[in-house]
Amino acid sequence: MMKFTKDIKDIRVRAVFAALTVLMLLFIFGMSAFDGDSSSELSGGLLEYINLLLSKIGLDSSLTDHILRKAAHYTEYFILGWLYLTDVLSWTGSLKKSLIYPLPAGFVTACLDELSQNFSEGRSPGIADVFIDFLGVFTAVLIFAVIIIIIKHKKGEPLSL
């Protein structure tokens, strides 16, 4: 059986994660390219659907547009943080580098994403969104680092960073 770091360094694994990262970045920046009205319409439709589902299963259906939008920011960047971590790990094999590099990359991505909203009519950048985005990246890196450490421990690999 191959060691964890060798499994993830397989060129096919690298290619898949790199492609997923690019697709996620396109999705994030694509969502920011929507004008204000289109963005509101999209989140409004999703909000209506989610509230309907919540009420059908007997839960309070008072999710707000603001909460939905912030949760979407967090979730997008949580996924991106996981992908950044996996990309770095697959190329370097170093958990230490995988903990360090995704954080500034996530922060810069969040800043550029918010800045890009200046070019979409009816949209404006928000500093709070940058922090929510970065929190998503940070949480993903932390959670998946712990998972990697547990996997390495179970496989009897050294736990060095």
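Count residues from 1 along the sequence. Side-chain atoms are counted along with the backbone in the values below, which use heavy atoms only and exclude waters and symmetry mates. The structure displayed is predicted, hence computed values, not measured ones.
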Worksheet item: Does the side chain of Leu23 come within less than 4.5 Å of Phe27's, by heavy atoms?
Response: no

Worksheet item: Leu89 versus Tyr101: any side-chain heavy-atom pair under 4.5 Å?
Response: no

Worksheet entry | Flag side-chain contact, heavy atom, 4.5 Å: Asp133 against Phe107 | no

Worksheet, complete the sentence: To the nearest 0.5 Å, atom CG of Leu68 lies from atom OG1 of Thr75 at 9.0 Å

Item to complete: Answer yes if Phe134 and Leu142 sit in the same cluster of Ile, Leu, Val, Met, Phe, Trp and Tyr residues linked by side chain heavy atoms under 4.5 Å apart, and no otherwise.
Response: yes

Discussion item. Less than 4.5 Å apart, side chain to side chain, heavy atoms only: is that true for Tyr84 and Val88?
Written reply: no

Practice prompt. Mind checking the CG-CG spacing from Leu80 to Leu20? Nearest 0.5 Å is all I need.
Written response: 11.0 Å

Practice prompt. For the pair Phe144 and Trp82, name the ring-plane relationship: parallel under 30°, tilted 30 to 60°, perpendicular over 60°.
Written response: tilted

Discussion item. Salt bridge check, Asp129 against Lys70: does any charged N sit closer than 4.0 Å to a carboxylate O?
Written reply: yes

Worksheet item: About how many Å separate CE of Met31 and CZ of Arg69, when rounded to the nearest 0.5 Å?
Response: 8.5 Å

Discussion item. Can you confirm whether Leu135 sits close enough to Tyr77 that some side-chain heavy atom of one is under 4.5 Å from a side-chain heavy atom of the other?
Written reply: no

Item to complete: Please name all residues satisfying side-chain contact (heavy atoms from CB on, under 4.5 Å) with Val141, sequence neighbours left out, ordered by chain then number.
Response: Leu85, Leu99, Pro102, Leu103, Val137

Worksheet entry | Shortest non-hydrogen contact from Gly81 toward Ala140 | C-CB, 4.0 Å

Worksheet, complete the sentence: The reported gap from CG in Leu95 to CD1 in Ile148 (rounded to nearest 0.5 angstrom) is 5.5 Å

Discussion item. Same cluster or not: Phe29 versus Val130, using hydrophobic residues (I, L, V, M, F, W, Y) connected whenever any side-chain heavy atoms lie under 4.5 Å apart?
Written reply: yes

Worksheet item: Mind checking whether Phe17 and Ile100 sit in one hydrophobic cluster, side chains of I, L, V, M, F, W, Y counted as touching below 4.5 Å?
Response: no

Worksheet item: Does Asp113 have any salt bridge (charged side-chain N to carboxylate O under 4.0 Å, His left out) partners at least two apart in sequence or in another chain, and if so, which?
Response: none

Worksheet item: Hey, any chance Val16 and Val13 share a hydrophobic cluster, counting ILVMFWY side chains that come within less than 4.5 Å of each other, even indirectly?
Response: yes

Discussion item. Applying a strict under-4.5 Å side-chain criterion to I, L, V, M, F, W and Y, I'd like to know whether Leu112 and Met24 cluster together.
Written reply: yes

